[in-house]
Amino acid sequence: MRGEEGMDIPPEVKRIMNDIRIMRIRGAGRIARAAARALMLASEEYQGRLIEEYMSYMEFIAQKLKETRPTAVSLPNAVNYVISRIRRAAKECASLDAIKSITRDAAESFINYSLSAVDKIGEIGARRIKDGDVVLTHCNSSAALSVIITAFKQGKDIEVLATETRPKFQGYITARVLRKEGIPVTLIPDSSVRYFMRDVDRVIVGADTVTANGAVVNKIGTSLIALAAHEARVRVFVAAETYKFSPATVLGELVIIEERDLTEVVPNEYLQKGPKVLIRNPAFDVTPPDYIDAIITEKGIIPPQAAILILQEEYGWVLEDYFIRGLNVSEE
Ligand code: RUB
C-alpha cells in the first residue's frame, strides 16, 4: 500500500490496520495492543538510514493507525505512548538503531502493561462481586470478563446474563468465553434488559473511552442498561484501564461516535433496492457519570467524578505540553 506521502506500509502493518477497521481485531484493549505491535513491526521493516525520514515514516504510520476507528481513545493513547518515546529519543540525537530499539521497547512495554492492567482490574473488581451474584454484562469486554472470571475462580458462585449486543453480536463471544470457564451464562436479547433487571445484582461493562467528567463511552446500548439499572437500584461498574481515559476531553474535545456500515443492520439486498427510510448504525453511546457507581481501573476503584484525577496523574505531561505550547504560540 502506498500512502498519500508516497510511503510504503508493510503488508503485516496494513493487515493490522484493516483488521481493526473491519473489526477482526476489536475491543478497545486489543485494538490498543495491536496498534502498538503495528508500530513495532513498521519500525522493524524500515530499511532507510536517515533519522528524519524514519520519523516521518513512523508519524505517517501512527496517523494511519489512529484513523482506523474513531471512538476508542485507547488507540491514540497507545500510539502516542510509543510515538512520544520515539520523538524524545530522536530529540536526544540517538542513533537510528537506538531509536528503533526504543520503539520496540516502548511497544512491548505498552503491551505488557495493558495485559497486566486487565489482570489487576480482575483482582480489584472481583472484590465487588459477592457469592451468589447475578451479573449482567454487555458486548465483549476483556476487562469486564477479567472481573467476572476472577470472582468465579475465587470460588464465588455466580451467574451471568450476557446481552446479544446487536448488530454485531459480540455477546456470543462473551457467552462462549464464560461457558469455556464453566460459568453459568444466559444469552438475552438487548431489548430484554429491563425485563431481567429485577434478577440482577451487578452490571459490569467495559469502556472505549472515559471522559474528563466521568462519562463512559461504550458499546451502543450501555447507557440504556445503566438507566434500567439505576431505576432498579442495581450497581453499575465499569472496568477500564487508565489508557481508556481521554486527555483531549479535558481540553473540551468531544468523543466521536463511530457510525458503521448499514449492512450491519439490514441486508445488502435491502439497501440496494434503495430503502425509503433512513437507517443509522451508531456503534457506541455515552453513559453519564450519574448512572455509574464506580470505575474499576488497574490503579484502584474510583467514582466516575474522579476521572479527572486519573487524567492529571497519567496525562498531566500531555496537558502541560499543550498549555505550554499554547502559551508559546500566543507569545510569538
Ligand atoms: C467493544 C466494546 C467493549 C470495549 C471494552 O466494541 O464496546 O465494551 O471496547 O473492551 P467493538 P475491552 O466490538 O465495537 O470494538 O475491555 O476488551 O477493552
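Whatever order the structure lists them in is the order used to number ligands and atoms, beginning at 1.
Near Gln170, with a cut-off below 4.0 Å to any heavy atom, the atoms of ligand 1 are 11 (P), 13 (O), 14 (O). Each of the atoms 6 (O), 7 (O), 14 (O) of ligand 1 lies under 4.0 Å from some heavy atom of Phe284. When each atom of ligand 1 is checked for a heavy atom of Lys244 under 4.0 Å away, the hits are 12 (P), 16 (O), 18 (O).
In this structure, Asn140 and Arg26 approach most closely via the heavy-atom pair O-NH2, 2.9 Å.
Salt bridge annotation for Arg104-Glu44: absent, with no cationic side-chain nitrogen under 4.0 angstrom from a carboxylate oxygen. Remark: Arg260 engages Glu258 in a salt bridge, criterion side-chain N to carboxylate O under 4.0 Å. Note on Arg194 versus Glu231: salt bridge recorded, some NZ/NE/NH1/NH2 to OD/OE distance being below 4.0 Å.
When only non-hydrogen protein atoms are considered, atom 16 (O) of ligand 1 lies nearest to Ser141 OG, 2.8 Å. Remark: minimum distance from atom 18 (O) of ligand 1 to any protein heavy atom is reached at Gly29 N, 2.7 Å. Closest to atom 8 (O) of ligand 1 among all protein heavy atoms lies Asn218 OD1, 2.7 Å. Counting protein heavy atoms only, atom 6 (O) of ligand 1 is closest to Lys219 CE, 3.3 Å. Given atom 13 (O) of ligand 1, the protein heavy atom at minimum distance is Arg26 NE, 2.5 Å. Nearest non-hydrogen protein atom to atom 17 (O) of ligand 1 is Ser142 N, 2.8 Å. The protein heavy-atom contact nearest to atom 5 (C) of ligand 1 is Ala207 O, 3.4 Å. Of all protein heavy atoms, the one closest to atom 9 (O) of ligand 1 is Ala28 N, 2.8 Å.
Considering only non-hydrogen atoms, atom 2 (C) of ligand 1 lies nearest to Asp208 out of Asp208, Thr137, Val238, Ile20.
Heavy atoms of Ala72 stay at 4.0 angstrom or farther from ligand 1. For the ligand labelled ligand 1, residue His138 lies outside the 4.0 Å heavy-atom shell. The shortest separation from a heavy atom of Lys168 to ligand 1 is not under 4.0 Å, leaving the residue out of contact.
With ring centers used as reference points, Tyr243 lies under 6.0 Å from Phe110. Aromatic ring centres of Phe245 and Tyr315 lie farther apart than the 6.0 Å criterion allows.
For the pair Arg198 and Tyr195, the cation sits on the ring face: its NZ or CZ lies under 6.0 Å from the ring centre, inside 45° of the axis. With Tyr46 as the aromatic partner, Lys100 does not meet the cation-pi criteria of under 6.0 angstrom to the ring centre and within 45 degrees of the ring axis.
By the criterion of side-chain heavy atoms lying less than 4.5 angstrom apart, applied directly or through intervening Ile, Leu, Val, Met, Phe, Trp or Tyr residues, Met58 is grouped together with Phe60 in one hydrophobic cluster.
More than 12 non-hydrogen atoms from other residues, nucleotides or ligands lie less than 6.0 angstrom from CD1 of Ile22.
Considering both main-chain and side-chain atoms, Ala239 never comes within under 3.5 Å of ligand 1 through any nitrogen or oxygen pair.
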